[in-house]
Novice: 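Structure in structure tokens, see below.
Computed from heavy atoms alone, side chains included, the values below leave out hydrogens, waters and symmetry copies. Throughout, protein chains are lettered first and strands after them, A, B, ... in sequence-line order, and every chain is numbered starting at 1.
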Amino acid sequence: TQLLEQSPQFLSIQEGENLTVYCNSSSVFSSLQWYRQEPGEGPVLLVTVVTGGEVKKLKRLTFQFGDARKDSSLHITAAQPGDTGLYLCAGIRGSNYKLTFGKGTLLTVNP
Amino acid sequence: SQTIHQWPATLVQPVGSPLSLECTVEGTSNPNLYWYRQAAGRGLQLLFYSVGIGQISSEVPQNLSASRPQDRQFILSSKKLLLSDSGFYLCAWSGLAGALSYNEQFFGPGTRLTVL
């Protein structure tokens, strides 16, 4: 059983479109992180959310943490080819610092 | 600023051979260190983590072991590699540095291991 479910698994869109990807769980997380990974490289941290209902913006990316701290979403406005990559969510439960990762959403933005 | 290094970047090894992957962190002290394996470019599986020198916790029973001989050095080893050990190995660190907390993990560039 996957603790963090990400959807969709694959997403292919045209440049300029908007998209939302989801990260869901039945468990409560004390914090949740979003990473982007390009082929052959390590994941790069995009954002950390810690408060239920929190919304953070990073240029065209908007991250939201659910009120109950069980789920999160990432919305990209006017996607660009440079947004292509594997988007991973990962969460920490309780007071330990071990991250649990979802399987990721592989996004392709076509020019 | 903090940086994390991994080497080698790629490795091709025969079944039954030993393995040693190294990870070092610069610019921080007393970091938590982590080894992950990523299969087929998807989710990451935590293999080992360490909160201090000589302190290693194993998450998954397997053919691998980890050691932390120095504060900012983390080593992943095997005595005899299996075909199933192939994958992308990532080292990460977390810690108190500037505005950072132990919540955030920062990853190295990874090592692509192919066992033939």
Novice: What's the separation between atom NZ in A:Lys98 and atom OH in B:Tyr34, rounded to the nearest 0.5 Å?
Specialist: 10.0 Å
Novice: Can you see which heavy atom on B:Leu90 is nearest to which on A:Gly42, and at what distance?
Specialist: CD2-CA, 3.6 Å
Novice: Tell me whether A:Leu11 is reachable from A:Tyr22 by hopping between hydrophobic residues (I, L, V, M, F, W, Y) whose side-chain heavy atoms are closer than 4.5 Å.
Specialist: no
Novice: Are A:Val21 and A:Leu58 linked, directly or through other ILVMFWY residues, by side chains that come within less than 4.5 angstrom of each other?
Specialist: yes
Novice: Using heavy-atom distances under 4.5 Å, tell me whether A:Glu41 contacts chain B through its side chain, its backbone, both, or neither.
Specialist: backbone
Novice: Check whether B:Leu21 and B:Ile56 end up in the same hydrophobic cluster, where Ile, Leu, Val, Met, Phe, Trp and Tyr are linked by side-chain heavy atoms less than 4.5 Å apart.
Specialist: yes
Novice: Any idea which of A:Pro43, A:Ser31, A:Gly104 has the most non-hydrogen atom pairs under 4.5 angstrom with chain B?
Specialist: A:Pro43
Novice: Which heavy atom in B:Phe88 sits nearest to a heavy atom in A:Gln37, and how many Å separate them?
Specialist: CE2-NE2, 3.9 Å
Novice: If you count the non-hydrogen atoms of other residues, nucleotides and ligands that lie under 6.0 Å from NZ in B:Lys79, is the total more than 12?
Specialist: no
Novice: Under 4.5 Å between any side-chain heavy atoms of A:Leu99 and B:Tyr36, yes or no?
Specialist: yes
Novice: Do B:Leu81 and B:Ile75 share a hydrophobic cluster, counting only Ile, Leu, Val, Met, Phe, Trp and Tyr and linking them when any side-chain heavy atoms are less than 4.5 Å apart?
Specialist: no
Novice: Heavy-atom distance under 4.5 Å to chain B: side chain of A:Val50, backbone, both or neither?
Specialist: side chain
Novice: Under 4.5 Å between side-chain heavy atoms, hopping through other hydrophobics if needed: is there a path connecting A:Leu45 to B:Trp35?
Specialist: yes
Novice: So what's closer than 4.5 Å to chain A heavy atoms on B:Leu44: side chain, backbone, both or neither?
Specialist: both
